[in-house]
Amino acid sequence: MAAPMCGRTCKIGPSILNADLSMLAAECQRMMDSGSDYLHLDVMDGQFVPNLTFGHPVVKCLRPKLPSVFFDMHMMVAAPEQWVGDMADAGADQYTFHIETTDDPARTIRKIKEAGMKAGIGIKPKTPVHLLVPFIDSVDMVLIMTVEPGFGGQKFMADMMPKVQFLREHFPDINIEVDGGVGLATIQECAEAGANMFVSGSAVVNSDNPRETIQALRNIVAEAIQKSQLER
Ligand code: DX5
Ligand code: ZN
């Protein structure tokens with residue numbers, strides 16, 4: 001039986017990691033014009049993950065070009081507290097750090113909120129979900145990675161779905177985001193498990209028609225919600 005579905009709005013947020021980064025603002029705009037709800041911006045420092053992307057100076061340049069878009073910063077960095085002030089100043093809306101990177105997640109969450117951003121906390125595939133539990137009441141979103149963080153275009157790990165189910169069963173109102181390999185073939189199981197924020201990178205960015213793809217993703221989620229409501 002499907003896990004109880006959230007009472008929350010379901011949102012699709014493209015990751016622009018695999019977009020043409022030489023025209024980042026235009027690519028972000030293209031995603032928003034195609035019906036995205038928010039943008040998931042992947043920051044990598046070459047330490048927490050074996051890849052590099054961009055940091056707050058780029059976010060600061062993007063902000064005036066996309067004034068009303070919700071920037072969900074996925075901070076794949078070894079020292080998350082180091083960048084809180086700069087990201088807030090750059091115009092980030094939400095700052096999602098990884099639990100694996102800090103000894104004191106509560107302090108990191110406090111700093112993020114004091115800086116005026118929403119706080120998200122994420123886990124890598126090998127990290128047990130129960131470690132998130134003490135922090136859920138103080139964050140705005142939890143992120144369940146469905147690939148090893150570092151690169152777009154990897155294969156979705158369906159064995160992460162029990163983590164999503166566990167969280168949805170115990171925390172009916174929390175925003176649960178899934179990230180990695182989420183696309184037309186995999187979003188249904190994410191929605192049925194109870195996720196309500198869906199990061200989709202290559203599936204949307206590389207699509208010939210991102211608008212149609214986003215709409216198709218949305219339809220699959222809506223069907224999954226309907227199904228889970230009928231089963232309840
Ligand atoms: C991976 C990133 C993801 C990734 C998603 O480390 O956090 O956001 O770019 O891209 P796809 O959907 O292609 O896996
Ligand atoms: Zn991400």
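All residue numbers in this chain count up from 1 along the given sequence. We use all heavy atoms of the structure for the numbers below, so side chains are in, but hydrogens, waters and symmetry mates are not. Both counts, for ligands and for their atoms, begin at 1 and track the order of listing.
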- request: Identify, for atom 13 (O) of ligand 1, the protein heavy atom at the shortest distance, and state residue, atom and that distance.
  value: Ser202 OG, 2.5 Å

Side-chain ion pair, Lys124 and Glu100, N-O less than 4.0 Å: no

- prompt: In terms of the angle between their ring planes, are Tyr38 and Phe70 parallel, tilted or perpendicular, with boundaries placed at 30° and 60°?
  reply: perpendicular

task: Answer with yes or no whether the side chains of Asp42 and Ser15 bring together a donor and an acceptor at under 3.5 Å.
output: yes

- request: Tell me which N, O or S atom of His74 sits nearest to the Zn ion (ligand 2).
  value: ND1

- request: Using distance alone, decide if ligand 1 has a nitrogen or oxygen within less than 3.5 Å of any nitrogen or oxygen in Glu148.
  value: no

- prompt: Which N, O or S atom name in Asp42 marks its closest approach to the Zn ion (ligand 2)?
  reply: OD1

- line: Near Gly201 (heavy-atom distance under 4.0 Å), the atoms of ligand 1 are 10 (O), 11 (P), 12 (O), 13 (O)

field: Under 4.0 Å to a heavy atom of Asp42 - the qualifying atoms of ligand 1, by number
entry: 2 (C), 3 (C), 7 (O), 8 (O), 9 (O)

- request: Consider only side-chain N and O atoms of Ser22 and Asp20, and report whether a donor and an acceptor are under 3.5 Å apart.
  value: yes

- prompt: If we only count heavy atoms from C-beta on, is the Cys10 to Ile225 side-chain gap below 4.5 Å?
  reply: yes

- prompt: Heavy-atom contact under 4.0 Å between Asn18 and ligand 1?
  reply: no

- request: Determine, for Asp89 against Lys60, whether the closest basic-nitrogen to carboxylate-oxygen distance falls under 4.0 angstrom.
  value: yes

Residue, atom name and distance, where the atom is the protein heavy atom closest to atom 3 (C) of ligand 1: Asp179 OD1, 2.9 Å

Sub-4.0 Å heavy-atom contact, Gly153 with ligand 1: yes

Ligand-residue contact atoms, ligand 1 with Gly180, heavy atoms, under 4.0 Å: 14 (O)

field: Side-chain donor-acceptor pair present, Gln215, Asn219, cut-off under 3.5 Å
entry: yes

- prompt: Side chains of Glu169 and Gln165: is there a donor and an acceptor less than 3.5 Å apart?
  reply: no

- prompt: In the protein, what heavy atom is nearest to atom 6 (O) of ligand 1, and what distance, to one decimal place, separates them?
  reply: Gly150 N, 2.7 Å

message: Tell me which N, O or S atom from Asp179 is the closest to the Zn ion (ligand 2).
response: OD2

statement: Which of Met75, Met141, His40 passes side-chain contact (heavy atoms from CB on, under 4.5 Å) with Thr96? Answer is Met141

statement: Near Pro149 (heavy-atom distance under 4.0 Å), the atoms of ligand 1 are 6 (O)

query: What atoms of ligand 1 come within less than 4.0 Å of a heavy atom belonging to His74?
result: 7 (O)

- prompt: Will you find, in the side chains of Asn196 and Asn175, an N or O donor that is under 3.5 Å from an N or O acceptor?
  reply: yes

message: Less than 4.5 Å apart, side chain to side chain, heavy atoms only: is that true for Leu62 and Val69?
response: no

query: Nearest protein heavy atom to atom 1 (C) of ligand 1, by residue and atom, and its distance?
result: Phe151 O, 3.5 Å

- request: For Met76, counting its heavy atoms only, list the atoms of ligand 1 lying under 4.0 Å from any of them.
  value: 6 (O), 7 (O)

query: Near His40, which atoms of ligand 1 are under 4.0 Å from a heavy atom of that residue?
result: 8 (O)

field: Nitrogen or oxygen atoms of Gly181 and ligand 1 under 3.5 Å apart
entry: yes

